[in-house]
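Note: hydrogens, waters and symmetry copies are ignored here, and every other heavy atom, side chains too, is used.
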Amino acid sequence: MRVRRDISSIPERSAGETWQRVIELITGADSRDVEQLRTAAGVMGSLITDEHPAARPILLEGVGAQLRIYCRYGMGAVEEGKNVDALTWNPTAGDWAMHVPCDAENLEWVRQSLAKTSPRLKVFDVAEDDRAEDDVRSGFANRSEPIIVDWNKRG
């Protein structure tokens, strides 16, 4: 199962504030390796500023459902405001990995930077196919359509 959260970013929040809100959303008292999230702040701020999480989500796989975090920008961010629905579980309480979108031009330096300080964060090219969609298709090969729950979908 996948869960989606949308976080308003620029201009409602700075890129750094957006990343801090992501950290607050996905961590709790029993989280592991929170320092890796904090040390990734500079790199993540750059990726958030480039608006990659608008089209491709930050994927968090760990305890519970896969979490897909998108960022809102511009008037959409202002109109939606700063509220973000809390999670009912702590995805970083056990073993976890985060996959972050990046453009091909910056992919190598982002990959190298995250590997040094934040090995739980993996980078992927925004132009690649969505591997999560492939996982869903293969996991439900005997079904005609996958079951996807999007609690934030508006009508």
Side-chain angles (χ1 to χ4, degrees), residues 1-28 31-80 82 84-85 87 89-139 146 148-153:
M1 181 165 70
R2 293 184 264 163
V3 174
R4 176 178 175 151
R5 289 294 182 270
D6 293 85
I7 297 178
S8 293
S9 190
I10 302 165
E12 185 67 22
R13 290 183 176 94
S14 69
E17 291 169 334
T18 303
W19 182 242
Q20 182 57 42
R21 185 63 187 103
V22 169
I23 293 172
E24 292 166 1
L25 176 68
I26 65 172
T27 61
S31 291
R32 293 184 181 171
D33 299 326
V34 176
E35 193 57 32
Q36 289 189 33
L37 296 168
R38 291 186 188 116
T39 58
V43 172
M44 292 307 299
S46 177
L47 298 176
I48 290 168
T49 299
D50 288 343
E51 300 188 10
H52 299 308
R56 297 294 302 274
I58 298 168
L59 300 171
L60 180 59
E61 298 172 320
V63 175
Q66 179 192 71
L67 180 62
R68 298 168 70 89
I69 302 170
Y70 289 88
C71 291
R72 286 187 213 99
Y73 296 89
M75 284 307 296
V78 173
E79 290 170 356
E80 291 298 322
K82 293 189 177 189
V84 179
D85 291 337
L87 300 176
W89 79 103
N90 181 354
T92 58
D95 191 28
W96 61 271
M98 180 178 277
H99 305 276
V100 297
C102 180
D103 58 282
E105 183 179 332
N106 294 305
L107 196 63
E108 197 51 43
W109 80 260
V110 169
R111 183 173 285 136
Q112 289 175 5
S113 179
L114 291 176
K116 290 177 189 173
T117 63
S118 308
R120 286 190 181 267
L121 280 72
K122 312 293 183 193
V123 64
F124 67 90
D125 190 334
V126 295
E128 290 177 4
D129 289 336
D130 188 345
R131 72 178 181 82
E133 292 297 326
D134 291 339
D135 292 347
V136 168
R137 278 195 280 286
S138 66
I148 300 172
V149 178
D150 186 349
W151 298 107
N152 291 325
K153 185 165 179 141

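Across C71 and S9, no two heavy atoms sit closer than the pair CB-CB, 4.2 Å. Scanning both residues, A54 and Y70, for their nearest heavy atoms gives O-CD2, 3.6 Å.
With sequence neighbours excluded, the residues that form a side chain to side chain contact (heavy atoms under 4.5 Å, CB included) with A15 are I10, I48, T49. Annotation: side-chain hydrogen bond (donor to acceptor under 3.5 Å, both in side chains) contacts of T92 (sequence neighbours excluded): S31, N90. In this structure, W89 has no side-chain hydrogen bond (donor to acceptor under 3.5 Å, both in side chains) partners at least two apart in sequence or on a different chain.
The line from CZ of R56 to SG of C102 is 12.0 Å long, rounded to the nearest 0.5 Å. Between atom CD1 of residue I23 and atom OG1 of residue T18 there is a gap of 11.0 Å, rounded to the nearest 0.5 Å. Distance check, rounded to the nearest 0.5 Å: NE2 of H99 to CG of L60 gives 8.5 Å. Here CZ of R4 is found 8.5 Å from CZ of R68. Values are rounded to the nearest 0.5 Å. Once rounded to the nearest 0.5 Å, the distance linking CG of L59 with CZ of R2 reads 9.0 Å.
For residues 8-22, the set of pairs meeting the salt bridge (Lys or Arg N to Asp or Glu O under 4.0 Å) definition, not counting sequence neighbours, comprises R21-E24. Applying the salt bridge (Lys or Arg N to Asp or Glu O under 4.0 Å) rule to pairs touching residues 98-113 yields E108-R111, sequence neighbours excluded. Sorted by first and then second residue, the pairs that involve residues 38-51 and meet salt bridge (Lys or Arg N to Asp or Glu O under 4.0 Å), not counting sequence neighbours, are E35-R38.
M98 has its side chain within reach of I26: a pair of non-hydrogen atoms, C-beta onward, lies under 4.5 Å apart. Looking at heavy atoms from C-beta onward, L114 lies in side-chain contact with V100 at the 4.5 angstrom threshold. Taking 4.5 Å as the limit, every side-chain heavy atom of P101 sits out of range of all side-chain heavy atoms of L47.
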Side-chain polar contacts of residues 117-127 - donor-acceptor pairs under 3.5 angstrom, sequence neighbours left out - could you list them?
residue: T117; atom: OG1; partner: S113; partner atom: O; Å: 3.4
residue: S118; atom: OG; partner: Q36; partner atom: O; Å: 2.7
residue: S118; atom: OG; partner: T39; partner atom: OG1; Å: 3.1
residue: R120; atom: NE; partner: D33; partner atom: OD2; Å: 2.4
residue: R120; atom: NH1; partner: D95; partner atom: OD1; Å: 2.9
residue: R120; atom: NH1; partner: W96; partner atom: O; Å: 2.7
residue: R120; atom: NH2; partner: D33; partner atom: OD2; Å: 2.9
residue: K122; atom: NZ; partner: P119; partner atom: O; Å: 2.7
residue: D125; atom: OD1; partner: A127; partner atom: N; Å: 2.9

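When each of E80, E79, R72 is checked for a side-chain hydrogen bond (donor to acceptor under 3.5 Å, both in side chains) with S8, only R72 meets the rule.
Using modelled atom types, one side-chain atom of W19 and one backbone atom of L37 make a donor-acceptor pair closer than 3.5 Å.
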